[in-house]
Amino acid sequence: MTFSDLGLSPKVLSAVTDAGYTQPTPIQAGAIPHALLGKDILGIAQTGTGKTASFVLPMLTRLEKGRARARMPRTLILEPTRELAAQVEENFIRYGKNHKLNIALLIGGVSFDEQDKKLERGADVLIATPGRLLDHRERGKLLLNGVEILVIDEADRMLDMGFIPDIERICEMIPFTRQTLFFSATMPPEITKLTEKFLHAPVRVEVSKAASTATSIIQRLVKSGSKPWDKRETLRNLMKAEDAELKNAIIFCNRKVEVSELFRSLLKYDFDAGALHGDMDQRARMQMLANFRDGKLRYLVASDVAARGLDIPDVSHVFNYDVPIHAEDYVHRIGRTGRAGRSGKSFTIATKSDTKYIDAIERLIGNKIEWHDGDLSTVVASEGEDEAPRRGRGAPRRAGRKDDDRKEKGERKPRERHAKPSEAAPPEAAHDEQPVAAEATVADIGERRARKEAIRSENTERKADRNEQRTPERGDSRPQRDSNRPARHRQEDNDATVGFGDDMPAFMRIVAKV
DNA sequence: AAAAAAG
């Protein structure tokens, strides 16, 4: 079976050939001929199975007849995350290089203007996340009654994310005569109901999980103390131990705060790391992902935004800095490595409180995961030791480490309540840097502010010169404000010393106590 | 115990 047997147009075939593909994957072979005939498709397939091309290629062929009218897109593809949407756009660009198609990407976090212009011009292909799509429609800039082909991708994930009502609304805006291509990795009851409602006599194409993935990934559990610095140390040791074999790695954390904390910590230890989570501004998200794909970054610290769907080929290692709370997430995360028959390694850092989640994972995958270097019964209790490198600058360290721990707990709490998660001061601020006095001096506060700003801009553009990050008071770090941030987070902007800096009047100190 | 997605 080759691509030329599937009935695709010459223009599409030549782009596929140029991309270096000759053999369709099972989902492509199963779905493309039916999709070309205009049939509805129910595709049950995981990512990494060639699912995207299975709808992009037939759509391109079918779009060769006809032209788009202003504000009336001819096709619509719904994706759960912005990155996935952008990835689908790339596929249309790659395989549509012999076509003159207008492609519009409607995702949140970026300005409306450009998106509006593309809609105005008439889009052949509209790729969107649900929120931004509905937003455009409510503004009257978008008519969906010209849509001939609707694609709903990653439906089960849309369900997890609470998008199903939005999806139903959107489906109801599109004429009955459309063709619907529907993809989901799993078929929970809610999704089955959705397909019964919105698909007409679909052809079901099911691709079993690539059995090879499970076997080609070496999985290990790694014991660790439960304090953040224990876990960071465990991770660093692991990264160093794997260095020779490690080409690149994704490091998953359960929370966005942890992503940014770990990211900053790794930078301090000179690891070549980037970060990816949903509270970062869109430009930074795209940049980090692109740099990681291009090999400019070796490590990507990420939330589960990166766990599914994203096409990041050739990841040699996956580290779970946290044990995922939901067992399925484990499968998705480690599925980022060992793709396309290659081998991969995954290490999951586990603490005493993680045992029940590990049990759930082992039940799901039907296997015990081996311990890397002894199980949790051998963990030595932590004394709160953090072995981070010191900086020469500033006051000498305070005597007791344990003292500092107490300080970290006691002092960070009140400010943490206001802090936007991704920008909260890292624990290291109290730990392996300047000790923070109960009443911070103006200079301390000014420096902490500068640091925060450096971290902010670090999230947006990673500077080549690390020293700039280390001495942010020199200047050029500018705060990157995200105007899209929900109002409840904005309070943090009034926190501490923003707007006063080093010149903050003394009476403000009480407010800014850190 | 989370993340994601509109502003």
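Every chain is numbered from 1, with letters handed out A, B, ... down the list of sequences. Just the heavy atoms: all of them, side chains too, but no hydrogens, waters or symmetry mates, feed the values below.
Between Ser303(A) and dA4(B) there is a side-chain N or O to OP1 or OP2 distance below 4.0 Å. Remark: Arg139(A) is not in phosphate contact with dA6(B), judged by side-chain N or O atoms under 4.0 Å from OP1 or OP2. In this model, the phosphate group of dA1(B) is not approached by any side-chain N or O of Lys356(A) to a distance below 4.0 Å at OP1 or OP2. An OP1 or OP2 oxygen of dA5(B) is reached within less than 4.0 angstrom by no side-chain nitrogen or oxygen of Thr81(A). Contact check, Arg132(A) against dA6(B): no side-chain N or O comes under 4.0 Å of OP1 or OP2.
Every side-chain hydrogen bond (donor to acceptor under 3.5 Å, both in side chains) that Lys231(A) has, sequence neighbours left out, goes to Asp322(A). Not a single ring pair (Phe, Tyr, Trp, His ring centres under 6.0 Å) links Tyr357(A) to another residue, sequence neighbours left out. Listed by chain and residue number, Thr351(A) satisfy the side-chain hydrogen bond (donor to acceptor under 3.5 Å, both in side chains) test with Asp354(A) (two or more places apart in sequence, or in another chain). Residues passing the ring pair (Phe, Tyr, Trp, His ring centres under 6.0 Å) test with Phe319(A) are His317(A), Phe347(A), sequence neighbours excluded. Take Asp135(A) and apply the side-chain hydrogen bond (donor to acceptor under 3.5 Å, both in side chains) test, not counting sequence neighbours, and it matches Arg139(A).
Rounded to whole angstrom, the span from the CG atom of Asp156(A) across to the C1' atom of dA4(B) amounts to 14 Å. If you take OH of Tyr330(A) and P of dA1(B), they are 24 Å apart, rounded to a whole angstrom. The distance between atom CZ of Arg285(A) and atom C1' of dA5(B), rounded to the nearest whole Å, is 9 Å. Going from atom CG of Asp113(A) over to atom P of dG7(B) covers 13 Å, rounded to whole Å. The distance between atom CG of Asp116(A) and atom C1' of dA6(B), rounded to the nearest whole Å, is 14 Å. Note: CZ (Arg157(A)) to P (dA3(B)) measures 13 Å, nearest angstrom. Protein atom OH of Tyr321(A) is 15 Å distant from nucleotide atom P of dA2(B), rounded to whole Å. The distance between atom CG of Asp322(A) and atom P of dA1(B), rounded to the nearest whole Å, is 15 Å.
Not a single donor-acceptor pair, N or O on each side, falls under 3.5 Å between the base of dA4(B) and the side chain of His277(A).
Side-chain proximity of Phe112(A) to dG7(B), dA1(B), dA4(B): nearest is dG7(B). Nearest to the side-chain atoms of Asp135(A) among the listed nucleotides dA6(B), dA2(B), dA3(B) stands dA6(B). Checked against dA2(B), dA1(B), dA5(B), the side chain of Asp304(A) finds its nearest nucleotide in dA2(B).
For residues 161-172 of chain A, proximity to DNA chain B is found at Met161(A), Phe163(A), defined as any non-hydrogen atom under 4.0 angstrom from a strand atom.
The number of heavy atoms from other shown groups lying within 6.0 Å of CD (Glu114(A)) does not exceed 12.
The pair Glu172(A)-Lys197(A) counts as a salt bridge, with a side-chain nitrogen and a carboxylate oxygen less than 4.0 angstrom apart.
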